[in-house]
Amino acid sequence: MLRGRDYGVPHHLILHILGKLPVKSLLRFKSVSKQWFRSIIDPDFTDRHLSNQKKRDPGFMTANSTCCINKYNFGIEKVVFMDSMVVNKDNNTIPHCYTWLTDVPCDHYTMLNSCDGILCFYGLSLTVFVLNPSTKEYRFLPNMGWYCHSLPRLGFGRDAVTKRYKIVRVLNPCPSHGRPRGCCLVITLDPNSDACWRSIGEIPYAVDSSSPSVHVDGTIYWLTDEIFHLNKSEVIVMFDLHVEKFQPIPHPSCCSDKNRGTMQLGTLRECLCLAQQETECRLNIWKMEKQQQKITWEKLYCILLFRNDLRVGPRFAFAEHRDGTLLVCSEDKVYLYKQNRHVCYVSIAKIGPRRTTAFTESLVTVYGKTLSRSQWR
């Protein structure tokens with residue numbers, strides 16, 4: 001291995017090559033020299049590497065939390081179980097990478113949709129932590145226990161202007177606890193270890209807690225709560241992470257007269273998408289287009305399903321490969337579709353209720369600590 005010198009190779013060429021390598025290799029190469037170390041942790045290099053990773057076929061990350069007995073002290077410990085999957089279309093197999101995150105505060109954790117290789121978990125007691133599973137860096141955020149009567153409704157994404165990552169907490173109206181209107185809290189992931197949640201005031205929206213939020217290009221999107229949101233014509237709301245303002249957006253025509261439980265937001269081709277299960281045997285996926293502040297929706301897929309193939313819900317995720325293959329991941333299978341037709345499915349281990357998200361590895365830092373070997377198995 002080269003140490004301390006590049007042997008006449010221009011450094012910009014070395015950076016070009018490094019930018020195409022997996023994270024595991026780059027973490028090792030940080031020890032080659034001080035110059036390589038500084039280059040690999042540079043935010044500009046991190047962004048270029050992330051851009052290259054997003055050009056690859058995406059995988060999936062699933063997670064659930066459970067309790068188990070520690071074999072060393074026989075005490076009960078909380079474990080977050082994660083499974084990283086990449087579909088091999090050549091032989092229809094899925095290489096798995098199982099990991100266990102241990103020694104976390106005891107809570108029932110739920111995973112949000114991934115953003116740039118970062119995972120965000122929150123618990124019922126409002127414990128929140130972020131994790132980059134590629135670099136094994138994690139960070140616990142200040143607790144919000146004083147709002148313990150509210151069900152968690154969180155969003156996670158990146159400010160398109162400042163390039164900082166933010167976590168957004170929406171508190172729906174709760175008249176029985178003296179809160180007739182909703183409100184919103186935001187925290188920024190930056191080097192400041194004393195970062196805290198700050199309120200941005202009241203909001204006139206109630207968001208659906210059963211449907212995961214989605215981040216696209218500096219904006220977080222939610223479906224509104226079908227029962228408690230007063231304006232029934234507002235189906236989707238957006239939160240601009242830079243100006244920190246909410247507003248409703250137009251929705252596909254299918255949303256007007258359909259049960260909100262048959263719908264789920266997602267991303268394809270770096271655009272907001274809405275999956276809507278029209279019948280047991282038909283899944284429609286709509287893609288949002290934004291041109292000169294005008295929003296339109298285009299039906300991207302109309303997929304014929306086998307009966308009882310899957311159900312749209314919080315444990316359902318979809319992604320698209322470069323060759324046009326659509327991948328739909330449910331609790332126990334990954335379905336592959338080409339030109340709206342079912343090609344095949346690959347079974348995966350069913351480990352109980354879990355959240356699934358499309359995932360791309362990255363070097364993005366959360367300004368936290370690195371997991372020890374005892375915490376990451």
Heavy atoms only: give me the nearest Tyr221-Val216 pair and the separation to one decimal. CE1-CB, 4.0 Å

Determine whether more than 12 heavy atoms belonging to other residues, nucleotides or ligands lie under 6.0 Å from atom CG of Asp217. no

Taking every non-hydrogen atom, the tightest pair across Asn132 and Gly117: OD1-O, 3.8 Å

Closest non-hydrogen atom pair, His215 against Leu241: CD2-CD1, 3.8 Å

Side chain proximity check, Leu171 to Arg153, heavy atoms < 4.5 angstrom: no

Mind checking whether Phe239 and Val170 have side chains closer than 4.5 Å, heavy atoms only? no

Does His251 use its side chain to pair, donor to acceptor, with the backbone of Glu234 at less than 3.5 Å? no

Between Tyr205 and Gln247, does any side-chain donor sit less than 3.5 Å from a side-chain acceptor? no

Ser211 versus Asp208, side-chain donor and acceptor atoms under 3.5 Å: no

When you compare the side chain of Leu26 with that of Leu363, does any pair of heavy atoms fall below 4.5 Å? yes

Thr188/Ile167 under side-chain contact (heavy atoms from CB on, under 4.5 Å): CA gap, chis, key distance, verdict: CA-CA 7 Å; Thr188 302; Ile167 299 171; over 6 Å; no

Could you tell me whether Glu289 and Arg269 have a side-chain N and a carboxylate O separated by less than 4.0 Å? no

Rounding to 0.5 Å, atoms SG (Cys273) and CD (Glu320) come to a distance of 8.5 Å

Inter-residue atom distance Trp297.CH2 - Lys290.NZ, 0.5 Å rounding: 10.5 Å

Under 4.5 Å between side-chain heavy atoms, counting indirect links through other Ile/Leu/Val/Met/Phe/Trp/Tyr residues: same cluster for Ile200 and Ile220 or not? yes

Who are the salt bridge (Lys or Arg N to Asp or Glu O under 4.0 Å) partners of Lys54, not counting sequence neighbours? Asp116

Assess whether side-chain contact (heavy atoms from CB on, under 4.5 Å) is satisfied between Leu154 and Val128, documenting all intermediate values. CA-CA 10 Å; Leu154 273 75; Val128 181; 4.1 Å; yes

Check: Asn172 side chain, Val207 main-chain N or O, donor-acceptor pair, under 3.5 Å: yes

Side chain proximity check, Leu112 to Leu119, heavy atoms < 4.5 angstrom: no

Can you confirm whether the side chains of Ser362 and His49 place a donor and an acceptor under 3.5 Å from each other? no

Closest non-hydrogen atoms of Ile187 and Pro142, given as atom of the first, atom of the second and distance, are CD1-CD, 3.6 Å

Quick one, Glu244 and Arg198 - any side-chain contact, counting heavy atoms below 4.5 Å? yes

Measure from the ring center of Phe140 to the ring center of Phe129 and say whether it is less than 6.0 Å. yes

Under the 3.5 angstrom rule, does the side chain of Thr357 hit a backbone N or O of Ser114 as a donor-acceptor pair? yes

Same cluster or not: Phe37 versus Ile14, using hydrophobic residues (I, L, V, M, F, W, Y) connected whenever any side-chain heavy atoms lie under 4.5 Å apart? no

Determine, stepwise, if the pair Ile118 / Arg158 fulfils side-chain contact (heavy atoms from CB on, under 4.5 Å). CA-CA 11 Å; Ile118 305 297; Arg158 187 187 193 191; over 6 Å; no

Note: Asp190-Lys163 ion pair, threshold 4.0 Å (strictly below): no

State whether Glu137 and Lys369 are salt-bridged, where the test is any N-O pair (Lys NZ or Arg NE/NH1/NH2 against Asp/Glu carboxylate O) under 4.0 Å. no

So Phe246 and Met238, do their side chains get closer than 4.5 Å, heavy atoms only? no

Common cluster, Leu13/Leu15, ILVMFWY with side-chain heavy-atom separation under 4.5 Å: yes

Assigning hydrophobic clusters by single linkage (Ile, Leu, Val, Met, Phe, Trp, Tyr; side-chain heavy-atom cutoff under 4.5 Å), is Leu27 placed with Leu21? yes

Can you tell if the side chain of Leu283 reaches within under 4.5 Å of the side chain of Gln276, non-hydrogen atoms only? no

Drop me the distance from Trp286's CH2 to Leu272's CG, to the nearest 0.5 angstrom. 13.5 Å

Are Ile41 and Leu189 connected, step by step, through hydrophobic side chains (Ile, Leu, Val, Met, Phe, Trp, Tyr) whose heavy atoms are closer than 4.5 Å? no

To the nearest 0.5 Å, how far apart are OG1 in Thr135 and NZ in Lys30? 8.0 Å

Arg139 (side chain) donor-acceptor with Val366 (main chain) under 3.5 angstrom: yes

Drop me the distance from His242's NE2 to Thr219's OG1, to the nearest 0.5 angstrom. 11.5 Å

Please say whether more than 12 non-hydrogen atoms of neighbouring residues, nucleotides or ligands are located less than 6.0 Å from CZ in Arg282. no

In Å, rounded to the nearest 0.5 Å, how long is the span from CG of Leu265 to CG of Leu223? 4.0 Å

Any side-chain heavy-atom pair of Phe121 and Thr110 under 4.5 Å: no

State whether the side chain of Thr46 and the backbone N or O of Asp42 hold a donor-acceptor pair below 3.5 Å, judged by distance alone. yes

Output yes when a side-chain donor or acceptor of Thr224 lies under 3.5 Å from a complementary backbone atom of Val235, and no otherwise. yes

Please report the closest heavy-atom contact between Pro133 and Phe359, naming both atoms and the distance. CG-CZ, 3.5 Å

Name the orientation class of the two ring planes belonging to Phe29 and Trp36 (parallel below 30°, tilted from 30 to 60°, perpendicular beyond 60°). perpendicular

Tell me the closest heavy-atom pair linking Gly19 and Asn52, and the distance in Å. O-ND2, 2.9 Å

If the threshold is 4.0 Å, N to carboxylate O, is there a salt bridge linking Lys245 and Asp240? no

Return yes if a side-chain donor-acceptor contact under 3.5 Å exists between Thr325 and Asp323, otherwise no. yes

For Glu361, is there an ion pair with Lys24 - N to carboxylate O distance below 4.0 angstrom? no

Assess whether side-chain contact (heavy atoms from CB on, under 4.5 Å) is satisfied between Cys115 and Tyr165, documenting all intermediate values. CA-CA 9 Å; Cys115 176; Tyr165 294 85; 3.8 Å; yes

